[in-house]
Amino acid sequence: MKIFRVGGAVRDTLMGFPFTETDWVVVGSTPQQLLAQGYTQVGRDFPVFLHPDTKEEYALARTERKTGPGYHGFVVHASPDVTLEEDLERRDLTINAMAMDNAGHIVDPYGGQTDLETKRLRHVSPHFTEDPLRVLRVARFAARYHHLGFTVATETLALMTDIVGANELAHLSTERIWTETEKALTEQTPEIYWQVLKDCGALTALTPELVVSQGVAGLTRAAGFTKRPECRWAALLSDLSSERAEAVSGRLKTPNAFSSLARHIAEWRPKMKTALRQAENCMTLLKGLDALRRDEPFDGFCETVRALEQNTPEVIATIECLRRARDEAATVSAADFTDQSLKGPALGAAILAAQIERIDLILKK
Ligand code: ATP
Ligand code: MG
């Protein structure tokens with residue numbers, strides 16, 4: 001049995017790029033052998049095991065053959081006679097298809113090192129088209145390494161366009177699409193993910209709303225000023241109506257923190273100017289953001305607005321004013337009115353009037 005480091009850990013080691021997890025491939029072994037050594041099996045469809053101590057993933061060398069549509073239309077063949085080169089061939093990009101042995105020797109049958117030098121994201125083989133998730137993965141790697149000068153190879157973009165044209169993205173589960181998308185939102189230049197998806201036609205298939213919007217431009221502006229993925233998501237959808245923003249989040253089944261912030265940005269950001277001119281409008285906005293009771297989505301809203309305006313002195317002043325208005329309004333409490341024996345709606349109205357009065361003082365400063 002021989003064990004090699006594979007995939008991202010090898011790629012990022014050669015690039016000098018930070019990484020956290022290491023994947024391993026085991027050649028010339030069987031599930032029984034690994035189980036006998038204390039590994040535990042995790043893959044349902046694939047022979048993947050966890051190391052007894054490190055809990056890192058060890059996969060038996062395998063080949064995959066496409067037999068039908070979708071994620072389950074694969075025949076996986078793992079046996080002791082599958083070679084390292086055969087295992088590497090089923091991988092997506094050449095820079096992801098290298099292995100490293102214990103002594104640090106690199107096994108690189110598909111030109112991954114050359115592609116690292118020429119900064120090319122290039123597919124390993126024509127079998128690339130067999131898994132539509134690769135469209136999203138390549139877009140994500142493009143977003144991660146764009147600042148280092150990496151681009152998608154023309155031939156690979158052509159294959160991605162073929163995958164989209166064959167309507168293969170329809171076979172991806174929403175969960176897998178969102179998992180890649182959420183990761184992409186944390187990359188250095190997340191807008192490149194959307195740009196690459198646009199270039200291969202996937203944007204039309206996945207989020208047609210974004211094809212004609214200025215959302216990608218919004219994300220491009222904001223990404224340098226916020227690392228929070230929810231804020232970046234909200235920036236991407238900031239150009240849509242709140243209904244359409246909601247529709248995009250709903251289709252991708254995003255977590256609530258993403259969908260609600262995006263909805264709040266789409267709905268309330270256009271109303272900020274009038275809110276800061278008039279105390280009643282300001283109170284309506286603060287209530288819309290539930291700002292008097294909770295920190296979120298208000299903090300996320302402020303961060304996204306600031307990022308979209310690229311932290312200009314004007315937007316910083318605007319946000320500060322909004323925060324002061326919120327803090328002032330929050331000092332009003334029902335206890336202030338105990339001597340007036342007000343109840344129910346009358347008490348509510350009195351509190352609101354007092355809050356608006358305080359906000360008015362802030363806005364006039
Ligand atoms: P990351 O740094 O994001 O973890 P990674 O390259 O390690 O990047 P993983 O999802 O951890 O990505 O997968 C490990 C390796 O498995 C990849 O480098 C690639 O060789 C292979 N791989 C993963 N998913 C696919 C896929 N859908 N198609 C082909 N190969 C894949
Ligand atoms: Mg990895």
Side-chain angles (χ1 to χ4, degrees), residues 4-27 42-43 45-51 54-66 69-76 78 82 84-100 106-113 115-116 121-146 148 150 156 159-160 163 168-169 171-173 175-190 192-193 202 229:
F4 300 85
R5 281 184 170 76
V6 275
V10 178
R11 174 198 69 221
D12 288 334
T13 301
L14 292 175
M15 289 175 74
F17 198 83
F19 65 95
T20 48
E21 48 152 59
T22 301
D23 295 301
W24 305 82
V25 65
V26 183
V27 181
V42 285
D45 303 321
F46 307 124
V48 178
F49 300 80
L50 294 186
H51 188 278
T54 65
K55 306 291 177 209
E56 287 179 329
E57 279 193 8
Y58 286 68
L60 288 180
R62 66 179 191 257
T63 59
E64 288 170 356
R65 211 156 27 85
K66 179 89 162 169
Y71 187 46
H72 295 289
F74 271 104
V75 171
V76 175
V82 174
L84 179 61
E85 285 72 15
E86 285 172 329
D87 180 276
L88 295 175
E89 194 197 2
R90 72 173 169 79
R91 294 167 186 271
D92 47 6
L93 296 173
T94 60
I95 63 168
N96 292 344
M98 296 182 278
M100 187 192 279
I106 301 293
V107 182
D108 176 19
Y110 304 105
Q113 289 174 104
D115 285 333
L116 277 184
L121 302 172
R122 194 163 58 80
H123 62 283
V124 170
S125 87
H127 294 290
F128 179 85
T129 54
E130 293 178 357
D131 176 6
L133 190 71
R134 292 169 188 162
V135 171
L136 305 180
R137 283 177 56 88
V138 173
R140 177 162 70 79
F141 287 117
R144 184 186 297 177
Y145 299 127
H146 172 80
L148 301 175
F150 279 77
T156 304
L159 291 184
M160 292 160 69
I163 294 174
E168 281 287 319
L169 294 182
H171 296 293
L172 288 175
S173 72
E175 286 71 22
R176 296 184 88 205
I177 295 172
W178 176 250
T179 300
E180 290 302 323
T181 302
E182 186 172 2
K183 283 187 192 167
L185 288 169
T186 67
E187 301 295 3
Q188 175 106 6
T189 46
I192 300 297
Y193 176 77

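These numbers come from a predicted model, not from an experiment. First listed ligand is number 1; within each ligand, the first listed atom is number 1.
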Step-by-step side-chain contact (heavy atoms from CB on, under 4.5 Å) determination, Leu93 to Phe141: CA-CA 10 Å; Leu93 296 173; Phe141 287 117; 3.9 Å; yes

When distances are taken from atom 17 (C) of ligand 1, the protein heavy atom at minimum range is Arg137 NH2, 3.5 Å

N or O pair under 3.5 Å between Arg176 and ligand 1: no

Non-hydrogen side-chain atoms of Glu89 and Glu85 separated by less than 4.5 Å: no

What I want to find out is whether Glu187 reaches Arg144 closely enough, with some N-O distance under 4.0 Å, to be called a salt bridge. yes

Could you tell me whether some N/O pair between Asp92 and ligand 1 is separated by less than 3.5 angstrom? yes

Geometry only, no angles: is Asp12 polar-contacting ligand 1 at N/O separations under 3.5 Å? no

Mark yes or no: Arg62 above the aromatic ring of Phe46, with NZ or CZ under 6.0 Å from the six-membered ring centre and no more than 45 degrees from the axis. yes

Counting only heavy atoms, tell me which of Arg144, Glu187, Lys183 gets closest to atom 1 (P) of ligand 1. Arg144

Tell me which protein heavy atom sits closest to atom 20 (O) of ligand 1, plus the residue, atom name and distance to 0.1 Å. Asn96 O, 2.9 Å

Considering non-hydrogen atoms of the protein only, which is the closest contact for atom 16 (O) of ligand 1, and what is the distance? Arg91 NH1, 3.3 Å

Any heavy atom of Asp131 under 4.0 Å from ligand 1? The part involved is side chain

Is Arg134 salt-bridged to Asp92, cutoff N-O under 4.0 Å? no

Heavy atoms only: which of Glu21, His123, Glu64, Glu130 lies closest to atom 11 (O) of ligand 1? Glu21

Determine the minimum heavy-atom distance between Ile106 and Val10, stating which atoms define it. CD1-CG1, 4.1 Å

For the pair Asp108 (side chain) and Gln113 (backbone), establish whether a donor and an acceptor sit closer than 3.5 Å, ignoring hydrogens and angles. yes

I'd like to check which ligand 1 atoms, numbered from 1 as shown, lie under 4.0 Å from a non-hydrogen atom of Gly7. 18 (O)

For Arg90, state whether at least one heavy atom is located under 4.0 Å from any atom of ligand 1. yes

As an exercise, identify every atom of ligand 1 less than 4.0 angstrom from a heavy atom of Arg140. 3 (O)

Will you find, in the side chains of Glu56 and Trp24, an N or O donor that is under 3.5 Å from an N or O acceptor? yes

Any N or O of Gly8 closer than 3.5 Å to N or O of ligand 1: yes

Best match, His127, Arg11, Met98: closest heavy atom to atom 6 (O) of ligand 1: Arg11

Go through ligand 1 atom by atom and flag the ones less than 4.0 Å from a non-hydrogen atom of Arg134. 26 (C), 28 (N), 29 (C)

Can you name the atoms of ligand 1, numbered from 1 with element, that are less than 4.0 Å from a heavy atom of Phe141? 6 (O), 8 (O)

Give the atom numbers and elements of ligand 1 that come within less than 4.0 Å of a heavy atom of Asp23. 7 (O), 11 (O), 14 (C)

Within the side chain of Thr186, is there an N or O that forms a donor-acceptor pair under 3.5 Å with the backbone of Lys183? yes

Of all the N, O or S atoms in Glu21, which has the shortest distance to the Mg ion (ligand 2)? OE2

Got a donor-acceptor contact below 3.5 angstrom from the Thr189 side chain to the Ile192 backbone? no

List the steps and the verdict of side-chain hydrogen bond (donor to acceptor under 3.5 Å, both in side chains) for Tyr145 and Arg11. CA-CA 12 Å; Tyr145 299 127; Arg11 174 198 69 221; 2.9 Å; yes

